[in-house]
Amino acid sequence: MHRRIPDPTRSLPDLSRDSSFRTKEEMLVFALGHISERISERVQARLLRSPAQSAGTALGHAATEISLLREEHRAEARVWLAFVAQAAVSKALAGTLTANYATLQEAFTRLISEAGDGADRAVRLDPQLEARTLLALADGLTVHVLVGHLTPHEAHDVLHTHLAGLWDQPITRTPSPDSPLP
């Protein structure tokens with residue numbers, strides 16, 4: 001059976017009209033993979049542009065991109081949410097999502113361990129617990145922005161506050177709700 005490979009440069013909403021997918025699950029798996037690649041590219045680009053290359057900085061960039069809070073990432077956030085909703089009733093999709101979360105958790109755990117080693121903290125971090133917490137926070141913030149409970153700026157402040165708290169750093173707020181997210 002010959003299947004046409006969909007063009008990954010097409011926008012995500014166009015995938016729903018793509019006849020190369022036999023099932024909605026196939027389309028969602030492809031879309032999630034595409035989103036994951038785009039997020040990875042954005043994280044790498046931010047790291048290259050960032051003057052500081054610490055593990056804490058890398059963690060902040062990754063968490064910010066994974067949370068899909070920016071307006072230009074709204075389509076990706078909607079596809080991600082559709083995938084999560086379908087994964088709740090599909091073992092195959094749940095397996096894909098669980099594998100993605102395991103990879104992210106491992107990366108976050110490593111970054112938190114590295115950043116925590118250099119931080120002067122009164123209490124030692126549990127890197128695995130903090131990685132799980134950060135992933136859950138990123139997902140929750142994505143949903144809160146999608147449904148309109150939080151603005152992207154408010155969600156970014158929540159994320160930034162949490163990250164600063166990991167290192168016991170004073171929290172600095174973005175000057176204005178109208179200012180762009182970093």
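All values below were derived from every heavy atom in this structure, side-chain atoms included, with hydrogens, water molecules and symmetry-related copies excluded. Predicted model, so just to flag it, every value in this text is computed and none were measured.
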*Asks:* Does Arg74 reach the side chain of Pro152, with side-chain heavy atoms less than 4.5 Å apart?
*Replies:*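 A side-chain contact under 4.5 Å exists here.
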*Asks:* Just verifying a value: how many Å separate Phe83 CZ and Met27 CE, rounded to the nearest 0.5 Å?
*Replies:*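 Output value for this atom pair is 11.0 Å.
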*Asks:* Can you measure from CD (Glu106) to CG (Leu111) and round to the nearest 0.5 angstrom?
*Replies:*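 One finds 11.0 Å between CD of Glu106 and CG of Leu111.
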*Asks:* Where the side chain of Ser67 meets the backbone of Thr142, is there a donor-acceptor pair that is under 3.5 Å apart?
*Replies:*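 Here the side-chain-to-backbone pair does not exist.
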*Asks:* Over 60° means perpendicular and under 30° means parallel, so classify the ring planes of Phe21 and Phe30, tilted if in between.
*Replies:*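 Ring orientation of Phe30 relative to Phe21: tilted.
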*Asks:* List the atom of Pro127, the atom of Thr109, and the distance in Å for their closest heavy-atom pair.
*Replies:*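 Minimum heavy-atom contact is CB-O, 3.7 Å.
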*Asks:* Under 3.5 Å, is there a donor-acceptor pair between the side chain of Glu154 and the main chain of Thr151?
*Replies:*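 Indeed, once roles are kept as given, a pair shorter than 3.5 Å links the two residues.
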*Asks:* Between Arg42 and Glu72, is there a salt bridge with N-O shorter than 4.0 Å?
*Replies:*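 Arg42 and Glu72: not salt-bridged.
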*Asks:* Is the shortest distance from a Lys or Arg side-chain nitrogen in Arg38 or Glu41 to a carboxylate oxygen in the other one below 4.0 Å?
*Replies:*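 Looking at Glu41 together with Arg38, the answer is no, because their closest N to O distance does not fall below 4.0 Å.
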*Asks:* Can you tell me how far OG1 of Thr64 sits from NE2 of His61, rounded to the nearest 0.5 angstrom?
*Replies:*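 If I round to the nearest 0.5 Å, the distance is 8.0 Å.
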*Asks:* In Å, rounded to the nearest 0.5 Å, how long is the span from CD of Gln128 to CD of Gln105?
*Replies:*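 Nearest 0.5 Å value for the CD-CD distance: 5.0 Å.
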*Asks:* First locate atom CH2 of Trp80, then atom CD1 of Ile35, and finally report the distance between them rounded to the nearest 0.5 Å.
*Replies:*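 Reported value, rounded in 0.5 Å steps: 10.0 Å.
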*Asks:* Which pair of heavy atoms, one from Ala31 and one from Val79, lies closest together, and at what distance?
*Replies:*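 It is CB-CG1, 3.5 Å.
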*Asks:* So, taking the atom named CG in Leu97 and the one named CG in Asp139, what distance separates them when rounded to the nearest 0.5 Å?
*Replies:*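 Answer for the CG-CG pair, Leu97 versus Asp139, is 7.5 Å.
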*Asks:* I'd like to know if Glu114 and Arg110 make a salt bridge, using a cut-off of under 4.0 Å between side-chain N and carboxylate O.
*Replies:*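 Arg110 and Glu114: salt-bridged.
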*Asks:* Looking only at heavy atoms, what is the nearest atom pair of Ala62 and Phe108, with distance?
*Replies:*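 Looking at all heavy atoms of both residues, the closest pair is CB-CE1, 3.8 Å.
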*Asks:* Run the numbers on Asp157 and Leu150 for side chain to side chain contact (heavy atoms under 4.5 Å, CB included), then give the verdict.
*Replies:* CA-CA 10 Å; Asp157 279 350; Leu150 294 174; over 6 Å; no
*Asks:* Quick one, Leu93 with Val84, criterion side chain to side chain contact (heavy atoms under 4.5 Å, CB included). Give me CA distance, side-chain angles, the key distance, then yes/no.
*Replies:* CA-CA 8 Å; Leu93 292 181; Val84 171; over 6 Å; no
